[in-house]
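Naming: A, B, ... by sequence-line order, numbering from 1 per chain. As the structure is a prediction and not an experimental result, all values here were calculated from the model. Below, all heavy atoms of this structure are taken into account, side chains as well, without hydrogens, waters or symmetry copies.
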Amino acid sequence: MIDKIVESAAAAVADIQDGASVMIGGFGTAGMPDQLIDALIDRGVGDLTIINNNAGNGETGVAALIKAGRVKKIICSFPRQSDSHHFDAAYRAGQIELELVPQGNLAARIQAAGAGLGAIFTPTGFGTLLAEGKETRTIDGVDYVLEYPIKADFALIKAQSGDRWGNLIYRKTARNFGPIMAMAATTTIAQVSHVVDLGAIDPEIVVTPGIFVQRVVQIASTTNHALAA
Amino acid sequence: MIDKIVESAAAAVADIQDGASVMIGGFGTAGMPDQLIDALIDRGVGDLTIINNNAGNGETGVAALIKAGRVKKIICSFPRQSDSHHFDAAYRAGQIELELVPQGNLAARIQAAGAGLGAIFTPTGFGTLLAEGKETRTIDGVDYVLEYPIKADFALIKAQSGDRWGNLIYRKTARNFGPIMAMAATTTIAQVSHVVDLGAIDPEIVVTPGIFVQRVVQIASTTNHALAA
Amino acid sequence: MNRMTRDQMAARVAKDIPEGAYVNLGIGLPTKVANYLPVERDIFLQSENGLLGMGPAPAPGEEDWELINAGKQAVTLLAGGCFFHHADSFAMMRGGHLDICVLGAFQVSVGGDLANWHTGEPGAIPAVGGAMDLAIGAKQTFVMMDLLTKQGESKLVEACTYPLTGLGCVSRVYTDVAVFDVGAQGASVIEMVDGLSIEELRRLTGVPLAYAAQPQVA
Amino acid sequence: MNRMTRDQMAARVAKDIPEGAYVNLGIGLPTKVANYLPVERDIFLQSENGLLGMGPAPAPGEEDWELINAGKQAVTLLAGGCFFHHADSFAMMRGGHLDICVLGAFQVSVGGDLANWHTGEPGAIPAVGGAMDLAIGAKQTFVMMDLLTKQGESKLVEACTYPLTGLGCVSRVYTDVAVFDVGAQGASVIEMVDGLSIEELRRLTGVPLAYAAQPQVA
């Protein structure tokens, strides 16, 4: 019997090592797998490359990981926010490397990794600083930049419900990067608000098929919906 | 008020002209929008370029369109089947052009069109007849072929339920190419078994958001589930 | 001359959004446009973090922080709206499915180049978000901005001096004193506020401006 | 020598599929493997037309022709199975998420090249389907085939003469008389049927075959 449910966040992240690349779901705080990140901080590993849309908000999640000094590099689209002070400080101190990627290219590159493509020609960013030094091509009169897939050793994501085969459904805009990160990481770990029986999720509405998920851990969601962004 | 529901299959296809490119959903007969195809045959236009996984089964759907002599070219992955006699005859008679595309490249090229990518490097087909003359590149030790998007003027697809904004859900493996073809065509026409009220489809389970669908027509589905492949 | 308020600007943009349009309203000033879309018109608001059919802000205390817009504000979903993941969301833009996006800007060139993501100042931490995807993806990109900076410099320029967001992507610019079309043909004045003359506008902007015989008064 | 039946071959392949594997069984002979997967083992069958967690054929009269496999046969879905569209389905293959696919073949080379989609005969109508995606996408590609053609020619060859499906993609070949590993190191015999010798196998195939001291009897 295959049972991908693990008992705790600590057990779920126990094999993440120094230097790992880790995708982290969430857009702002919606869909941020806070408890998995806390477990990762508790593990004490560093030199991590983090892929997330932002570079942390306030004191929790990616912000806490950066504050703890565990992040060598971040690949994201929107680091600077009103509450990104931990990233800002680390960046200005030269303690963290930033690869800034337009949000749609971030999504497309993650999706390309999950789908096994070698590279994609995307129109976004052509002629801008973020395409400097990159290969470009004009196809049917439109200018494109060649961008490469972004994959990762691990993805930490948050979903609403999951079963022992790893099937996931999400909640509202907490879905965001979860489904594509699950496809692009070698090991995907989902924290879910509810573990449900096999077959309890209608096969028509599964968003992330279990093939993309290696571990599921149930974390009570009481606080998350009420948290301010 | 926006209402994408049209009254008949004939009205839904009334602006498809000679020479149009038309994606047609379905894998075999599952998801084949037979009544839209019948309406297209009745319209009498020809020189069509058809994009479908197959090249028709038996006497209905794409097979009927080919039999009627309306198809100039077909882009598909699996034309030859036990019941593809109308295609076989037209092909042997030199009356139809065939672009054979591996099924996954067909899906990826349709998805690339819907997503506005200029081209993709895919590993499928490298070193085979189907990549002859195509640009190739080795990226991180893997060999890829450069493939271009496939878009179309129209997509004819079949879904289970739709609403007046064009949101769609599908049924079982009749989903197949529907969601990606809807994204890749200028005008997507969906035949649905049920037109439902706005809001009747849970926003979490919409598979094709209405932005990708221009017309919806209700066709009673009584025969389709019972039809043999 | 009667400068338009931000609400007047938002109302003016809203006037140009037809029924049935799929629209993304950028963070900041463009968000206000939603307040002026007539409720009887079916207009579909997309937010790039994965929703279509965005409704108004919830009542205070009713916020659900897993139902937010790209500006991370709590929103609601209309009946007929739906959720999707980030790759599908940006496929909507890049694939040309969105009709209109409305963005703020630091500068727009008469040719339609947009600069709105980075001041280029040393020490500034850049953040781009979805701006580059929106700018080049939507069928039409509208910009809303004050015509002049606080220092009195025109933000409608011959060529952008700030780092670009996209090339030739803007079609219309709504400012506090005039509305312009921009693009390959250069800039032309569509409307001016009461009390402003084309000569004064040319002086303020310092760029060549085509001028219809009778521009509409906003 | 005791040639294996097709059912024996299917049972032999099934033995090599571990619990938890994500597997695609190709059209034709490989489909039979499903009959020999122990029910107590959770093995996930994928079909490229958009389902994962495929169950056995329905009872006659219970067919739902919108629930079919890639061979267009009516199937069922297990509890925990799900549906998805074609792009996601082939992402499962191309992205390396499938552990094993089992395919039929016209020819396999000792280096693992596969030819299974086209005889190359003049007048033959080619059809490729998902074969090329499966061949190069799954982590391991197994082939099931008779060792010899009806004319007695070996289908395990030095170099394929039929048009290729994929280069160096096959790792193991299950035939009616022997099981081989193939790849960059060439072909080696893993098992032979009772009554077959390595010398005879070398003669039948005409290709160099490495040979473990004590190959297992199938």
Quiz prompt | Which atoms of Phe83(D) approach chain B - backbone, side chain, both or neither, heavy atom under 4.5 Å | solution = both
Quiz item: Of Leu130(B), Thr128(B), Leu129(B), which meets side chain to side chain contact (heavy atoms under 4.5 Å, CB included) against Pro163(D)?
Solution: Leu129(B)
Quiz item: Taking every heavy-atom pair that is under 4.5 Å apart, which of Asn53(B), Val142(B), Leu98(B), Asn54(B) has the most such pairs with chain D?
Solution: Asn54(B)
Self-check item: Pick from Gly127(B), Pro79(B), Gly178(B), Ala55(B) with the largest number of heavy-atom pairs that fall under 4.5 Å of chain D
Solution: Pro79(B)
Self-check item: Contact origin within Ala70(D) toward chain B - heavy atom pairs under 4.5 Å
Solution: both
Self-check item: Structural part of Arg92(B) lying under 4.5 Å from a heavy atom of chain D
Solution: side chain
Quiz item: At a heavy-atom separation under 4.5 Å, does Asp113(D) approach chain B through its side chain, its backbone, both, or neither?
Solution: neither
Quiz item: Are Thr124(B) and Phe90(D) side-chain neighbours, meaning at least one heavy-atom pair lies under 4.5 Å?
Solution: no
Exercise. Measure the acute angle between the ring planes of Phe27(B) and His86(D), then classify it against the limits of 30° and 60° as parallel, tilted or perpendicular.
Key: tilted
Exercise. Check each atom of Val101(B) against the heavy atoms of chain D and say whether the ones under 4.5 Å are side chain, backbone, both or neither.
Key: backbone
Quiz item: Looking at CG of Leu67(D) and CZ of Arg171(B), how far apart are the two atoms once the value is rounded to the nearest 0.5 Å?
Solution: 8.0 Å
Exercise. Kindly give the heavy-atom pair with the smallest separation between Leu100(B) and Pro126(D), and that separation in Å.
Key: CD2-CB, 3.7 Å
Quiz item: How close do Gln103(B) and Asp133(D) get, heavy atom to heavy atom, and via which atoms?
Solution: N-OD2, 3.5 Å
Quiz item: Would you find more than 12 non-hydrogen atoms of other residues, nucleotides or ligands less than 6.0 Å from Arg137(B) atom CZ?
Solution: yes
Quiz item: In terms of heavy-atom pairs under 4.5 Å with chain B, which of Val128(D), Val75(D), Leu167(D) leads?
Solution: Val128(D)
Quiz item: Less than 4.5 Å apart, any side-chain heavy atom of Lys158(B) and any of Glu66(D)?
Solution: yes
Self-check item: chain D contact via Asp143(B) - which portion, at a heavy-atom distance below 4.5 Å
Solution: neither
Self-check item: Expected output: side-chain Arg175(B) to main-chain Gly50(D) donor-acceptor under 3.5 Å
Solution: no
Quiz prompt | Under 4.5 Å from any heavy atom of chain B - which part of Ile136(D) | solution = side chain
Quiz item: Quick check: are there more than 12 heavy atoms from other residues, nucleotides or ligands sitting under 6.0 Å from NZ of Lys151(B)?
Solution: no
Quiz item: Taking C-beta and beyond as the side chain, do Phe126(B) and Met132(D) meet within less than 4.5 Å on heavy atoms?
Solution: no
Quiz item: To the nearest 0.5 Å, what is the distance between OG1 (Thr173(B)) and CG (Leu51(D))?
Solution: 6.5 Å
Practice problem: Mind running ring-ring contact (aromatic ring centres under 6.0 Å, His included) on His85(D) and Tyr170(B) for me, showing each step along the way? | Solution: CA-CA 10 Å; His85(D) 64 55; Tyr170(B) 299 82; 9.0 Å; no
Quiz item: Around Gln185(D), counting heavy atoms of other residues, nucleotides and ligands shown, do more than 12 lie under 6.0 Å from its CD?
Solution: no
Quiz prompt | Pairwise distance CH2(Trp65(D)) to NZ(Lys172(B)) - rounded to 0.5 angstrom | solution = 13.0 Å
Quiz item: Which heavy atom in Phe78(B) sits nearest to a heavy atom in Ala127(D), and how many Å separate them?
Solution: CD1-CB, 3.7 Å
Quiz item: So what's closer than 4.5 Å to chain B heavy atoms on Ser89(D): side chain, backbone, both or neither?
Solution: neither
Practice problem: Report the distance from atom CG of Asn176(B) to atom CZ of Phe84(D), rounding to the nearest 0.5 Å. | Solution: 11.5 Å
Quiz item: Looking at Ala30(B), Cys76(B), Pro123(B), Ala108(B), which makes the most heavy-atom pairs under 4.5 Å with chain D?
Solution: Pro123(B)
Exercise. Can you tell which part of Phe177(B) gets under 4.5 Å to a heavy atom of chain D, answering side chain, backbone, both or neither?
Key: both
